[in-house]
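Note that this is a predicted model, so its numbers are computed, not measured. Each chain gets a letter, A, B and so on, in the order the sequences are listed, and its residues count up from 1.
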Amino acid sequence: AQTVTQSQPEMSVQEAETVTLSCTYDTSESDYYLFWYKQPPSRQMILVIRQEAYKQQNATENRFSVNFQKAAKSFSLKISDSQLGDAAMYFCAYRSQGSNQFYFGTGTSLTVIP
Amino acid sequence: DAGITQSPRHKVTETGTPVTLRCHQTENHRYMYWYRQDPGHGLRLIHYSYGVKDTDKGEVSDGYSVSRSKTEDFLLTLESATSSQTSVYFCAISGGTSGSYNEQFFGPGTRLTVL
């Protein structure tokens with residue numbers, strides 16, 4: 001099974017500042033998908049951003065962007081202009097193109113300080 | 001959000017009793033999944049389904065069974081609940097036809113407490 005590692009159990013950021021959450025993964029596949037999900041206190045899992053491995057360009061969704069380093073098997077999430085509503089647990093996830101199983105990291109709890 | 005509901009949303013039960021959690025989708029997605037979420041473990045796959053009556057085990061399937069008799073419903077059963085099965089359970093779907101094939105959409109979760 002693929003392994004997804006989030007080495008930062010907790011992170012904090014000042015409101016309006018930028019924060020980067022780390023994710024690494026272990027795979028021998030060349031075609032796969034990577035995701036960041038947000039889980040606010042409501043518990044609902046919300047897709048933040050996704051990246052196809054065959055695309056060299058880093059995905060961006062408004063204030064959220066990724067730094068995808070395929071050779072290093074690294075997929076970090078950058079949140080710019082942090083807002084109080086960004087406070088949540090963030091999960092990194094992996095899916096091989098040839099499979100319908102998803103593998104999740106253990107999550108990073110993000111606190112936004114007013 | 002995709003149309004995914006879970007029932008019940010909260011349940012407290014006693015050790016040794018059977019429990020069934022239901023996931024219902026209105027999106028006609030092919031794949032359905034059951035995960036459990038525990039602190040420090042993230043989301044762990046219990047079982048998944050790739051079609052009606054087609055299911056397979058995930059990494060933490062012991063003590064759980066599933067059934068899928070219709071596209072829209074995926075049931076998770078704890079035959080004899082134990083305290084170690086106290087957790088938050090999430091249903092997820094993927095494999096739609098609207099271009100969102102690659103990601104999963106999640107239900108709201110069910111908090112299960114086994115006393």
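For Arg44(B), no part lies under 4.5 angstrom from a heavy atom of chain A. Interface remark: Glu59(B) contributes no atoms to any contact with chain A (heavy atom separation under 4.5 Å). For Leu45(B), the part lying near chain A is the side chain, with the backbone staying farther off; criterion is any non-hydrogen pair under 4.5 Å. The contact between Tyr35(B) and chain A is made entirely by side chain atoms (from C-beta outward), counting heavy-atom distances below 4.5 Å.
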Query raised in the report: Where do Phe104(A) and His41(B) land on the side-chain contact (heavy atoms from CB on, under 4.5 Å) test, with the steps shown first?
Result: CA-CA 9 Å; Phe104(A) 288 81; His41(B) 291 278; over 6 Å; no
Report task. Report the C-alpha distance between Gln39(A) and Phe90(B) in whole Å, list the side-chain angles of each, state the deciding distance to 0.1 Å, and finish with yes or no for side-chain contact (heavy atoms from CB on, under 4.5 Å). Result -> CA-CA 12 Å; Gln39(A) 187 181 40; Phe90(B) 284 95; 3.3 Å; yes
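Going from atom OG of Ser99(A) over to atom OH of Tyr50(B) covers 12.0 Å, rounded to the nearest 0.5 Å. Rounding to the nearest 0.5 Å gives a distance of 10.0 Å between OH of Tyr31(B) and CZ of Phe102(A).
Between the side chain of Glu103(B) and the backbone N or O of Tyr33(A), no donor-acceptor pair lies under 3.5 Å. Side-chain atoms of Tyr33(B) come within 3.5 Å of backbone N or O of Asn100(A) as a donor-acceptor pair.
At a threshold of 4.5 Å between side-chain heavy atoms, the hydrophobic network of Ile, Leu, Val, Met, Phe, Trp and Tyr places Leu84(A) and Ile113(A) in two separate groups. The hydrophobic cluster containing Val4(A) also contains Met11(A), counting ILVMFWY residues as joined when their side-chain heavy atoms lie under 4.5 angstrom apart, directly or transitively. Linking Ile, Leu, Val, Met, Phe, Trp and Tyr whenever their side-chain heavy atoms come within less than 4.5 Å puts Phe64(A) and Leu21(A) in one cluster. Residues Val66(B) and Leu75(B) fall into different hydrophobic clusters, defined by Ile, Leu, Val, Met, Phe, Trp and Tyr side chains chained together at heavy-atom separations under 4.5 Å.
Within a 6.0 Å radius of CD in Gln83(A), more than 12 heavy atoms belonging to other residues, nucleotides or ligands are found. By the 6.0 Å contact criterion, CZ on Arg43(A) is enclosed, its count of non-hydrogen atoms from other residues, nucleotides or ligands being greater than 12. Atom NZ of Lys70(A) sits in a crowded spot, with more than 12 heavy atoms from other residues, nucleotides or ligands closer than 6.0 Å.
Counting heavy atoms from C-beta on, the side chains of Met45(A) and Gln104(B) never come closer than 4.5 Å.
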